[in-house]
Number of protein chains: 2
Amino acid sequence: MDALDARIIDLFTTDPQVGILGASRRLGVARGTVQARLDRLQERGVIKSFAPQIDPRALGYPVTAFCTLEIRQRQGHAPVVAHLAAIPEVLEIHSITGVGDLIVRVVARDNADLGRVIDEMIDDVHVLRANTSMCLVSHLDHRTGPLVHSAASS
Amino acid sequence: MDALDARIIDLFTTDPQVGILGASRRLGVARGTVQARLDRLQERGVIKSFAPQIDPRALGYPVTAFCTLEIRQRQGHAPVVAHLAAIPEVLEIHSITGVGDLIVRVVARDNADLGRVIDEMIDDVHVLRANTSMCLVSHLDHRTGPLVHSAASS
DNA sequence: CGCACGGCTGGGCAGTCTGCCCGTTCCCTT
DNA sequence: AAGGGAACGGGCAGACTGCCCAGCCGTGCG
């Protein structure tokens with residue numbers, strides 16, 4: 001992970017259509033170098049994938065919320081996670097420390113729809129309580145650019 | 001947004017290297033159709049980008065945490081957001097309702113490093129308190145597949 | 001009822017890029 | 001000093017892209 005890796009990632013982040021040849025030209029390195037770097041970055045898992053990133057807002061789901069769920073600890077998290085994963089509006093599920101046991105990121109078509117989604121979530125005998133925080137503004141939306149440079153320079 | 005759109009997104013999600021021609025072959029439609037659908041999906045903003053997805057874990061940041069920050073409301077969220085955005089380990093910032101004013105997703109190299117990141121976050125006169133929940137397990141990591149199908153069938 | 005419109009189809013074109021090969025050079029480590 | 005890894009420049013066939021066209025079909029409108 002060096003500066004060239006970071007610049008390659010930067011370039012493909014800002015302009016994914018640039019292609020390997022275009023990247024090599026803009027970066028002033030040989031094409032094979034960019035190719036090898038990209039292969040290694042994917043092999044090491046740094047680049048997870050080139051999958052298209054979907055915007056729920058454009059799909060008609062402009063409402064985002066974070067819910068912390070308190071669950072019955074008897075049988076572990078697995079059954080609850082299975083129940084939650086079956087709900088399309090559930091985008092992320094994480095086990096966390098502190099108050100509540102799970103944090104869940106959900107989207108909805110509107111505020112009323114959010115109510116429906118929450119009802120679906122707590123419709124499980126293992127879910128004891130849900131605490132919902134609606135997202136008002138997203139000031140930063142999963143950027144990793146600075147992190148990549150930080151990892152490259154260290 | 002119909003079933004074909006959803007299948008195209010599915011295909012490019014599971015195999016981003018498939019290409020337009022390959023997708024048209026696998027889906028049994030004309031190449032121009034796939035091309036037009038992709039163009040429209042990007043134009044409408046449904047597909048935000050084809051940027052490479054970075055895995056902080058592979059970069060040496062295996063620790064994830066969610067922090068809710070309580071901030072001094074005097075001058076709005078802007079100055080605090082600027083301060084937080086300057087920290088590379090901060091990946092997301094959202095204004096939320098409920099207890100706390102901001103929710104921040106951060107990563108760190110280890111638990112001690114997380115302490116450093118939190119110290120950097122609260123090193124701002126506008127930040128009154130931080131409440132951190134460490135992420136133990138990620139059961140679902142920002143999947144949008146089911147949501148796309150849900151939007152397509154409705 | 002007829003017609004225009006948008007979308008899908010199949011085909012074709014030149015241009016470009018990809019994946020892979022080679023030999024060479026440079027630098028770091030052993 | 002020797003070895004290995006990485007980058008370089010070049011080249012090859014193959015495949016893909018972006019863009020064009022004409023034709024067909026279903027929908028909606030006048």
Side-chain angles (χ1 to χ4, degrees), chain A residues 1-55 57-60 144-145 147-154, chain B residues 1-61 144-145 147-154:
Chain A
M1 201 59 216
D2 63 2
L4 182 56
D5 285 326
R7 289 204 299 160
I8 290 174
I9 291 176
D10 267 357
L11 197 48
F12 275 90
T13 300
T14 57
D15 183 7
Q17 315 284 28
V18 69
I20 292 176
L21 186 56
S24 73
R25 281 200 278 250
R26 282 211 223 168
L27 296 174
V29 298
R31 182 169 66 105
T33 304
V34 176
Q35 211 153 11
R37 295 293 189 117
L38 270 183
D39 286 347
R40 240 174 304 157
L41 284 171
Q42 292 194 66
E43 190 182 334
R44 269 191 288 159
V46 174
I47 294 181
K48 220 184 306 182
S49 85
F50 277 88
Q53 285 167 35
I54 305 303
D55 185 2
R57 199 172 328 231
L59 275 179
T144 47
L147 191 69
V148 168
H149 279 94
S150 182
S153 59
S154 67
Chain B
M1 201 61 215
D2 63 0
L4 181 56
D5 284 325
R7 290 204 297 160
I8 290 174
I9 292 176
D10 268 357
L11 197 48
F12 276 90
T13 300
T14 56
D15 183 6
Q17 314 285 28
V18 70
I20 292 176
L21 186 57
S24 73
R25 281 200 279 252
R26 282 212 221 167
L27 297 174
V29 297
R31 182 170 65 105
T33 303
V34 177
Q35 211 152 10
R37 295 293 189 118
L38 270 182
D39 287 347
R40 242 174 303 158
L41 285 171
Q42 292 193 66
E43 190 182 334
R44 268 192 288 159
V46 173
I47 294 180
K48 219 184 308 182
S49 85
F50 277 88
Q53 284 167 34
I54 305 302
D55 186 2
R57 200 172 327 228
L59 275 179
Y61 295 84
T144 47
L147 191 69
V148 168
H149 279 93
S150 182
S153 59
S154 67

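Chain letters run A, B, ... following the sequence lines, proteins first, then strands; residues in each count from 1.
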Whole angstroms only, please: what is the CE-C1' distance between M1(B) and dG7(C)? 17 Å
Separation of atom CZ in F50(A) from atom C1' in dT18(C), rounded to whole Å: 14 Å
Does the side chain of R37(B) get closer than 4.0 angstrom to OP1 or OP2 of dC8(C) through an N or O atom? yes
What is the distance from CZ of R25(A) to P of dA7(D), rounded to the nearest Å? 20 Å
Write down the distance between CG (L21(A)) and P (dG9(D)), rounded to a whole number of angstrom. 13 Å
Length of the line joining D39(A):CG and dA7(D):C1', which is rounded to integer Å: 15 Å
Could you give the CD1-to-P distance, from I8(B) to dC8(C), as a whole number of Å? 9 Å
Rounded distance in Å - CG (L27(A)) to P (dG9(D)): 13 Å
Is any side-chain heavy atom of I9(A) closer than 4.5 Å to a side-chain heavy atom of V46(A)? yes
State which residues pass side-chain hydrogen bond (donor to acceptor under 3.5 Å, both in side chains) with R37(A); sequence neighbours excluded, sorted by chain then number. D2(A), D5(A)
Starting at CG of L4(A) and ending at P of dC27(C), how long is that distance when rounded to a whole Å? 17 Å
According to a strict under-4.0 Å criterion, is R40(B) in side-chain N/O contact with OP1 or OP2 of dC8(C)? yes
Side chain Q35(B), main chain I20(B), donor-acceptor under 3.5 Å: no
Just so I know, are the side chains of L147(A) and I54(B) near enough to count as touching, which here means a heavy-atom distance under 4.5 Å? no
Do the non-hydrogen side-chain atoms of I47(B) and F12(B) ever get within less than 4.5 Å of each other? no
Might you list the N or O atoms of the protein lying below 3.5 Å from N or O atoms in nucleotides 19-26 of chain C, with each pair's distance?
| unit_1 | atom_1 | unit_2 | atom_2 | d |
| --- | --- | --- | --- | --- |
| dG19(C) | OP2 | Q35(A) | NE2 | 3.4 |
| dG19(C) | N7 | R31(A) | NH1 | 3.1 |
| dG19(C) | O6 | R31(A) | NH2 | 2.8 |
| dC20(C) | N4 | R31(A) | NH2 | 2.9 |

Flag side-chain contact, heavy atom, 4.5 Å: R7(A) against L11(A): no
